[in-house]
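Notes for the one structure printed next.
This is a predicted model, so every value here is computed, not measured.
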Amino acid sequence: MIKFDKFSLDNGLRVIVHTDTTTPMVAVNVLYDVGARDENPNQTGFAHLFEHLMFGGSVNIPDYDEPLQMAGGENNAYTTNDITNYYIQLPAQNVETAFWLESDRMLSLAFNEKSLEVQRKVVCEEFKEHYINKPYGDVWKNLRELAYTTHPYRWMTIGKELSHVEDAQLQDVKNFFFKHYRPTNAILCVAGHITTDEVKRLAEKWFGPIEAGEKYVRSLPTEPKQTEARKLILTKDVPVSVIYKAYHIADRMSPDYYPADLITEVLSGGQSSRLHQRLVKDKQLFSQIDCYHTGSVENGLLVVEGKILPTIKPEDADAAIVEELELMKKEKVSELELEKVKNKIESMIAFEDLNLLNRANNLAFYELLGDAENMNKEFSNYNRVTADDVQQYANEILHDSNCSTLYYLAK
């Protein structure tokens, strides 16, 4: 059970405090409710570009890293299709440094052509290195475009195409910042050796004077229900052929999220899982096979990804996957198998909560989803899923008309 306090500043900034006196450290996590899904389809990659720009100096602090290192702290950030998250960990006695740094970034970045040019180059190099020149680098570009026709999940976090970041103008970047990176659109979580009173004092001092900004109201196009199978075959200069099968699943807040997650665990949660036992060990069709989901806030994807052995035809590998998925639909998961994956999930949740930064990050994320308290209810949501629920949801999602298949074949 993770205990915490919660309050809001007059400017709309939501603040969560989790006190843990067993550590000498404090984690300061700022989550902004903006991700790649919130971008203009003709100007993608902005949320990720901001992750870089936020380290390029703010209005009063030209160098972000130096004062933090002097305070014994470390920091990082990440962007997804749904959120942008910044986090710092530092000794409790120096916690005010984190408030000073993060509030100045929220107040305003040091917008100038030089900073934009530097970070634009960094992002463009990253795009080329990871998504253009790297083997399998464009898999998710193709898979997203195949599975989504309408919703902004159809592009990757780094952007739909390189030119969008290359052509980003300073005014466009400024507009994006002042639309999204405002107190009313952010959640601050402070966890570690600190009291709620101290966080209140520091939050009022450093974040209180920042203008609230306009509350961003999200109205994204809904992805229409997929009604027929989609398939794309690509031949590339890669070491081995890989097959991807993507099925649409419910959003993160739906009760159906939990059976979907359990399906992925039954199919590929470790060496004793179904896909590994039957398709890697017994039938020897794949060198490796995984099943996972994107965990998106809005309707996500459940994906089966398998590296096909060189002697096997892709069609035969595909048919074997479908056969296993049909079995999930026809036969109920045994109580023993279900209990095993639930136990694994329970230990994963407990293990994750040992880490202070994870606790801070998760409290902020669950608050974004609706209520930080839901973090404490997560395992009971899994625990109440029955074998009938798993079978019923498998029948709902694991069919051809809900599937996008990508054959990514070696030359």
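- P314 places a side-chain heavy atom less than 4.5 Å from the side chain of I308.
- Under a 3.5 Å cut-off, the side chain of N374 and the backbone N or O of Y366 do not form any donor-acceptor pair.
- The main-chain N or O of Q288 is never found under 3.5 Å from a side-chain atom of K307 such that the two would form a donor-acceptor pair.
- Contact annotation: the side chain of E305 approaches that of Y292 to within less than 4.5 Å [non-hydrogen atoms, C-beta and beyond].
- E396 is linked by a side-chain contact (heavy atoms from CB on, under 4.5 Å) to D256, Y393, counting only residues two or more places apart in sequence or in another chain.
- Contacts classified as side-chain hydrogen bond (donor to acceptor under 3.5 Å, both in side chains) and involving residues 176-185 (residues at least two apart or in different chains) are not found.
- Looking at D389 and T386, their side chains do bring a donor and an acceptor atom within 3.5 Å of each other.
- Side chain to side chain, Y87 and N361 fail the donor-acceptor criterion of an N or O pair below 3.5 Å.
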### Task
Under the salt bridge (charged side-chain N to carboxylate O under 4.0 Å, His left out) rule, what do R120 and E117 come out as? Steps first, then yes or no, please.
CA-CA 5 Å; R120 194 202 331 254; E117 193 49 44; 3.1 Å; yes
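- Taking the side chain as every heavy atom from C-beta outward, Y78 and T157 never approach each other to under 4.5 Å.
- The two residues S58 and D104 have their closest heavy-atom pair at OG-OD2, 2.6 Å.
- Between N75 and L101, the closest side-chain pair of non-hydrogen atoms is not below 4.5 Å.
- Although no hydrogens or angles enter the test, the distance criterion places a donor-acceptor pair under 3.5 Å between the side chain of S103 and the main chain of W100.
- A salt bridge (charged side-chain N to carboxylate O under 4.0 Å, His left out) check over residues 69-89, counting only residues at least two apart or in different chains, returns the pairs R37-D82.
- No side-chain heavy atom of F286 sits under 4.5 Å from any side-chain heavy atom of I312.
- The backbone N or O of D251 sits nowhere less than 3.5 Å from a side-chain atom of S254 that would complete a donor-acceptor pair.
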### K340 and E337: CA distance, side-chain angles, deciding distance, salt bridge (charged side-chain N to carboxylate O under 4.0 Å, His left out) verdict
CA-CA 5 Å; K340 191 177 88 172; E337 199 173 10; over 6 Å; no
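- Between K141 and E145, at least one side-chain N (NZ, or NE/NH1/NH2) sits under 4.0 Å from a carboxylate O, which counts as a salt bridge.
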### Message
Evaluate K160 against E39 for salt bridge (charged side-chain N to carboxylate O under 4.0 Å, His left out), listing each step before the verdict.
### Response
CA-CA 10 Å; K160 200 180 344 183; E39 295 162 347; over 6 Å; no
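- There is a side-chain donor-acceptor pair under 3.5 Å between Q171 and N175.
- Looking at residues two or more places apart in sequence or on another chain, you find a side-chain contact (heavy atoms from CB on, under 4.5 Å) between E96 and R201, L202, K205, W206.
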### Task
May I have the step-by-step check of side-chain contact (heavy atoms from CB on, under 4.5 Å) for N40 and F176, ending in yes or no?
CA-CA 10 Å; N40 174 335; F176 192 79; over 6 Å; no
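- In this structure, E265 contributes its side chain and V341 its backbone to no donor-acceptor pair below 3.5 Å.
- Within the 4.5 Å cutoff, the side chain of F7 has heavy atoms near those of the K200 side chain.
- Across every non-hydrogen atom of V303 and A246, the tightest pair is CG2-CB, 4.2 Å.
- In this structure Q169 satisfies the side-chain contact (heavy atoms from CB on, under 4.5 Å) test together with D172, sequence neighbours excluded.
- With sequence neighbours left out, the side-chain contact (heavy atoms from CB on, under 4.5 Å) criterion links N142 to D138, L232, L234, L406.
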### Query
Taking it one step at a time, do K329 and E326 satisfy salt bridge (charged side-chain N to carboxylate O under 4.0 Å, His left out)?
CA-CA 5 Å; K329 290 154 69 175; E326 285 300 316; 3.0 Å; yes
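- Between the T294 side chain and the L301 main chain, a donor and an acceptor come within less than 3.5 Å of each other.
- Across all their heavy atoms, L357 and A27 have their closest contact at CD2-CB, 3.8 Å.
- Nearest heavy atom pair, residue V390 against residue P259, reads CA-CB, 4.4 Å.
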